[in-house]
Amino acid sequence: MTEQPLLRLEGAVENVVYRNEDNGYTVLEISDGDDYITAVGNMPQVSAGDKVELTGSYTEHRSYGRQFSVRVCEVCRPTETADILRYLSSGAIKGIGVATAQRIVKEFGEAALDVLENHPERVAALKGISRAKAIDFSAQLKANTGVRTLMLYLGEYGISNASAVKIFNALGAGCVEQIRENPYMLCGAGFGVSFESADFIAKKENLMPDSEVRLRAGLVYVLRHNESNGHTCLPKQKLSEITAQFLSVDRQPVENCMDDMLFDRSLILDTIDGKEFVFTGQMHLTETYIASRIKLMLGFTAEQISKIDEAISACEQKDGIEYAELQKQAITAALTEGMLVLTGGPGTGKTTTLNAIIKILQSRGKTVLLAAPTGRAAQRMSELTGNEAKTIHRLLEVSWDKQDNPVFNKNERDMLKCDALVIDEVSMVDAQIFESVMRALPLGCRLILVGDSDQLPSVGAGNVLGDLISSGVIPVVTLNEIFRQAQQSLIVTNAHKIVKGEMPVLNSKDSDFFFLYRNHKTVVTDVIVDLCANRLPAAYGYSPFENIQVLSPSKKGELGTAELNHKLQARLNPRSENKPEVTIGSKTFRTGDKVMQIKNNYDIRWFRENGETGEGIFNGDIGIIDRIDRKAKIIRVKFYDKTASMSFEAAGELDFAYAITVHKSQGNEFDAVVIPMFPGPSQLYYRNLLYTAVTRAKKTLVLVGNPATVEQMVNNNRRTKRYTALREFLQRDDNIYST
């Protein structure tokens, strides 16, 4: 679909139909002579009587008809007496009605708006208007003018009106002057402004490359960028070196600036294993809070459960099973300790053990809550335990602030009401989410953490599960016996071989684990496409959209997800006259495509078939496009547990999901998994990544490629190095957190 040419409209605002003050989204009617036109989009504060110049294009809304979609809105303040009267009478300034507007315009004429904004004392001289009211009128007018000015200023640098409204709401009047002095205040504050954009503004404003504001912003940017790579901190020397390279300045001024920031505690310095590390204040608080809260909870153990052995025997008799010794140890620890980490690979009985713990606690009248990081993981937890499990966000009753940051309503002031909380897939839980859980957990509540320590760590910053286990502070039970039933699955037994550094069995012909030897990339691609389109559906009845998932270690290259998605879409969902499609960026989506949300978006509304509604589509959510409305510029996606409609702009955060990276597959299981095995860079082809990929398959796994690549990954036992401090803080004797 080709982009429509941009048009310019001029006219007077007749009526403001709707306005969202948080993001500036506005629906208004303008007059361009003989006709009224409905215009929609993010705009500055406008009121009836304003003259506007709009840049955008016409669209057709399925319910509201023809509209003008606004890209840029420039507002001209009314200058003629009649227009000023209309503007003030419209309610644009709270407290000024028709009668007051008439009095002001009669007194000051065409200078009325200038007097209102800059000389409130003259307005206060009018009968019936107090000094306080006049000052309030002035402040409102300045705010209206300020957001318009900011939009025009930032628009020159490609920063959207929606971002401008957020910035104005946060910084207030005078924000343009603040930004000119320090453009870097726009970075990392939830405004959606990149460091590069701020750098561009700084150059235009003639700020020096080694100015203090740039060096400070660069240090914070590098730390936050590395948080997105999993690190909660960086070695001091490494931070100064990376920042100097990033900013293209000498290292010494960076080090001097860092020392100043450490002195005024804009950054935090701490010692880990005898080495100095630097944190942002928020991340240091996150890890120290978790450590202190855990220590506090361990000192206030949960109410003891009596006659545990008898309870275990009763579960065995009821379910007709016999628990292994380690399973009994785990059940006993969960019922006697305030916290427990239960870990182990596939087929080792984690679910059976967990079910016993839940049943015994519930039989003693205890309230047990269950949660997992993702919707799919929560659904699987519900199916395996027979109890409702929620996502952590839903459990903590998430809402969103004006900068679209998550705010949890369950916290220290309104804690969870439970005697025990069980969290599954803890390897996926990052430090900040875990901090939020700990803030909502009442003293005396059991916390049972279940996960596989050999899985890849969380996408977000931190190494929560690994640090908890290695600290030695919390009871840990590792299940390592593969049960007889699980031994019949080559997926399970090969997964355990891989994690031990042994080559998996690749030559079995009658199993759930298959290896297809192919030695050319193009042939590997062709086989993968044929497996998804024909062979697996024919052999097992699998749907290529719902049951089969292609996983790749990499995004790039001939066997990366980008190229595989291109080939799979062409085969599984080819172009058709009956399938609407739209090109967004470099991707052409069409009805029926399998897609994934690749960034958290807290504004998108969703609904479920049971009538439940909410907001928020999260990174990693997979669904099928079931409608594309090109006139309304809407894409509707049916995710596995909810349906959401999003604008074409928001759909820029979608990617194809016929093939996804192994990292994106965390927390998910699929009936069938297909993985290309071809040589690649060592930083992507390592043991834990292969192990994670293999354990995503529930029923069928097919590797396609060269066995030497499997051997390369099995022998490459590099662990993704993460700089974190939770283990250190847990092992300290002092009380490290106090606020």
Side-chain angles (χ1 to χ4, degrees), residues 8-21 24-54 68 70 72-153 161 164-165 168-169 172-177:
R8 286 182 66 84
L9 293 180
E10 296 183 12
V13 176
E14 296 293 331
N15 180 34
V16 177
V17 179
Y18 170 79
R19 180 171 176 81
N20 183 322
E21 295 298 339
Y25 182 79
T26 305
V27 179
L28 55 80
E29 294 177 331
I30 68 168
S31 170
D32 69 342
D34 299 329
D35 196 11
Y36 286 164
I37 296 171
T38 300
V40 299
N42 293 99
M43 305 183 214
Q45 183 72 48
V46 291
S47 302
D50 277 335
K51 291 183 178 178
V52 293
E53 293 182 4
L54 306 178
F68 191 78
V70 177
V72 179
C73 173
E74 299 178 35
V75 183
C76 307
R77 180 179 283 185
T79 56
E80 297 181 5
T81 303
D83 290 334
I84 294 172
L85 177 59
R86 189 166 170 224
Y87 171 77
L88 292 177
S89 300
S90 70
I93 298 177
K94 293 178 182 177
I96 297 182
V98 175
T100 304
Q102 289 174 339
R103 202 154 59 247
I104 293 172
V105 172
K106 182 180 179 181
E107 179 69 22
F108 303 115
E110 293 180 353
L113 294 181
D114 177 66
V115 173
L116 264 175
E117 182 175 353
N118 301 309
H119 305 285
E121 71 282 355
R122 293 178 60 189
V123 179
L126 297 179
K127 184 177 180 181
I129 300 179
S130 66
R131 177 177 174 78
K133 278 188 177 182
I135 292 173
D136 179 55
F137 297 158
S138 172
Q140 289 185 58
L141 199 54
K142 285 178 178 176
N144 291 351
T145 304
V147 73
R148 296 172 185 172
T149 304
L150 180 64
M151 284 183 170
L152 291 173
Y153 175 71
N161 285 351
V165 172
F168 186 85
N169 288 341
C175 54
V176 172
E177 288 71 22

All pairs passing side-chain hydrogen bond (donor to acceptor under 3.5 Å, both in side chains) where residues 97-111 contributes a residue, at least two apart: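 Qualifying pairs, neighbours excluded: none.
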Do the side chains of [Y] and [X] get nearer than 4.5 Å, heavy atoms only?
| X | Y | value |
| --- | --- | --- |
| Leu88 | Ile93 | yes |
| Leu28 | Val17 | no |
| Glu10 | Lys51 | no |
| Ile37 | Glu29 | no |
| Thr26 | Asn42 | no |
| Ile30 | Tyr36 | no |
| Asp136 | Lys94 | no |

For Ala124, side chain to side chain contact (heavy atoms under 4.5 Å, CB included) partners two or more places apart: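 Residues passing side chain to side chain contact (heavy atoms under 4.5 Å, CB included) with Ala124: Arg131, Ala134.
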Shortest non-hydrogen contact from Thr81 toward Gly109: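 Reported closest heavy-atom pair: OG1-C, 4.4 Å.
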Worked check of side-chain contact (heavy atoms from CB on, under 4.5 Å) between Arg122 and Phe108: CA-CA 10 Å; Arg122 293 178 60 189; Phe108 303 115; 3.7 Å; yes
Contacts of Phe68 that satisfy ring pair (Phe, Tyr, Trp, His ring centres under 6.0 Å) - sequence neighbours left out: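 Phe68 satisfies ring pair (Phe, Tyr, Trp, His ring centres under 6.0 Å) with Tyr58 once adjacent residues are dropped.
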Partner set under side chain to side chain donor-acceptor pair (under 3.5 Å) for Asn15, not counting sequence neighbours: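 Scan of Asn15 (side chain to side chain donor-acceptor pair (under 3.5 Å), adjacent residues dropped) gives none.
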Sequence-distant partners of Glu121, side chain to side chain donor-acceptor pair (under 3.5 Å), two or more places apart: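 In terms of side chain to side chain donor-acceptor pair (under 3.5 Å), with neighbours along the sequence ignored, Glu121 is linked to no residue.
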Worked check of side-chain contact (heavy atoms from CB on, under 4.5 Å) between Val115 and Val123: CA-CA 7 Å; Val115 173; Val123 179; 3.9 Å; yes
Interatomic spacing from SG in Cys73 to CG in Leu54 - rounded to 0.5 Å: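 Here the interatomic distance stands at 5.0 Å.
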Interatomic distance, Ile129 atom CD1 to Leu116 atom CG [nearest 0.5 angstrom]: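 Going from CD1 on Ile129 over to CG on Leu116, the span is 7.5 Å.
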